[in-house]
> 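I'd like to ask some things about the structure below.
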Amino acid sequence: QVQLSESGPGLVKPSQTLSLTCSVSGDSITLNYYYWSWLRQPPGKEVEWMGAITYSGVTYYNPSLKSRSSISRDTSKNQFTLQLSSVTPEDTAVYYCARDEDAYYSDKYYYNGRHWGQGTQVTVSS
């Protein structure tokens with residue numbers, strides 16, 4: 001049974017870079033053709049897909065966040081990381097990592113099944 005766990009600072013100051021890590025157990029981020037995603041849910045809003053890194057290390061991003069986002073991975077630790085630069089209070093949200101099945105990116109991101117981490121609250125405030 002795969003388990004995903006997000007970690008990182010709960011409070012980030014405006015203009016700084018947010019960095020979150022997703023630790024994966026019970027599966028390998030380099031196998032099985034899965035995509036590994038970052039998502040977020042601001043208060044009172046819908047869940048937003050931010051981007052993903054594939055089993056082979058290819059990255060895809062939500063166009064609205066692409067200029068500020070970077071997803072990378074450490075295969076030795078079975079972890080993948082999100083960096084979001086120049087944050088503002090509008091980036092305050094619960095951030096999730098997830099494993100996506102049957103995923104691909106064409107004109108937009110598609111997937112057929114998702115296993116979520118528990119989420120972590122990030123607040124952007126001075």
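Numbering of residues begins at 1 and proceeds along the displayed sequence.
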> For residues 51-64, which side-chain N or O atoms pair as donor and acceptor with protein atoms under 3.5 Å away, sequence neighbours left out?
residue: Thr54; atom: OG1; partner: Ser56; partner atom: N; Å: 3.2
residue: Thr54; atom: OG1; partner: Ser56; partner atom: OG; Å: 3.0
residue: Thr54; atom: OG1; partner: Gly57; partner atom: N; Å: 3.3
residue: Thr54; atom: OG1; partner: Val58; partner atom: N; Å: 3.1
residue: Tyr61; atom: OH; partner: Ile71; partner atom: N; Å: 2.8
residue: Asn62; atom: OD1; partner: Ser64; partner atom: N; Å: 2.9
residue: Asn62; atom: OD1; partner: Ser64; partner atom: OG; Å: 2.8
residue: Asn62; atom: ND2; partner: Trp49; partner atom: O; Å: 2.8

> Using modelled atom types and a 3.5 Å cut-off, is there a donor and acceptor pairing between side-chain atoms of Ser69 and backbone atoms of Lys66?
no
> Can any side-chain N or O of Arg99 pair as donor or acceptor with the backbone N or O of His115 at less than 3.5 Å?
no
> Can you find a pair of side-chain heavy atoms, one from Ser15 and one from Val87, that are under 4.5 Å apart?
no
> Given Trp36, which partner from the list Asp100, Val24, Thr30 fulfils the side-chain contact (heavy atoms from CB on, under 4.5 Å) test?
Val24
> When you measure from the side chain of Ser126 to the backbone N and O of Lys13, does any donor-acceptor pair fall under 3.5 Å?
no
> Look up atom OH in Tyr34 and atom CG in Asp102, then write down how far apart they are to the nearest 0.5 Å.
8.5 Å
> Could you grab the distance from atom CD of Gln1 to atom CG of Asp27, nearest 0.5 Å is fine?
10.0 Å
> Distance-only, no hydrogens or angles: does the Asn78 side chain make a donor-acceptor pair with backbone N or O of Ile29 under 3.5 Å?
yes
> Distance check, rounded to the nearest 0.5 Å: Leu18 atom CG versus Arg68 atom CZ?
9.5 Å
> Please confirm whether the backbone N or O of Cys97 pairs with a side-chain atom of Glu6, one donor and one acceptor, at under 3.5 Å?
yes
> Taking the side chain from Gln3 and the backbone from Ser25, do they hold a donor-acceptor pair closer than 3.5 Å?
no
> Hey, does the Lys NZ or Arg CZ of Arg73 hover above the aromatic six-ring of Phe80, less than 6.0 Å from the centre and inside 45° of the axis?
no
> Which is it for Val12 and Val122 under the side chain to side chain contact (heavy atoms under 4.5 Å, CB included) test, yes or no, and what are the steps along the way?
CA-CA 7 Å; Val12 182; Val122 176; 4.1 Å; yes
> Is it the case that more than 12 heavy atoms not belonging to Tyr110 sit under 6.0 Å from its OH atom?
yes
> Any heavy-atom pair between the side chains of Arg40 and Tyr96 that's under 4.5 Å?
no
> Using the six-membered ring of Trp116, assess whether NZ or CZ of Arg114 lies under 6.0 Å from its centre and within 45 degrees of the ring axis.
yes
> Heavy atoms only: give me the nearest Pro9-Ser19 pair and the separation to one decimal.
CD-O, 3.4 Å
> Can you tell me if Tyr111 has over 12 outside heavy atoms packed within less than 6.0 Å of its OH?
no
> Quick check: do Leu84 and Thr17 have side-chain heavy atoms less than 4.5 Å from each other?
no
> Can you find a heavy atom in the side chain of Pro14 that is under 4.5 Å from one in the side chain of Val124?
yes
> Decide yes or no on side chain to side chain contact (heavy atoms under 4.5 Å, CB included) for Val94 and Thr120, but give the supporting numbers first.
CA-CA 5 Å; Val94 178; Thr120 187; 5.9 Å; no
> About how many Å separate OH of Tyr95 and CD of Gln121, when rounded to the nearest 0.5 Å?
9.0 Å
> Please round to the nearest 0.5 Å and tell me the distance separating atom CG of Leu4 and atom OG of Ser23.
9.0 Å
> Could you state the interatomic distance from OH (Tyr35) to OH (Tyr109), rounded to the nearest 0.5 Å?
7.0 Å
> Do the side chains of Ser5 and Gln118 get nearer than 4.5 Å, heavy atoms only?
yes
> Group every Ile, Leu, Val, Met, Phe, Trp and Tyr by side-chain heavy-atom contacts under 4.5 Å, then state whether Leu82 and Val47 land in the same group.
no
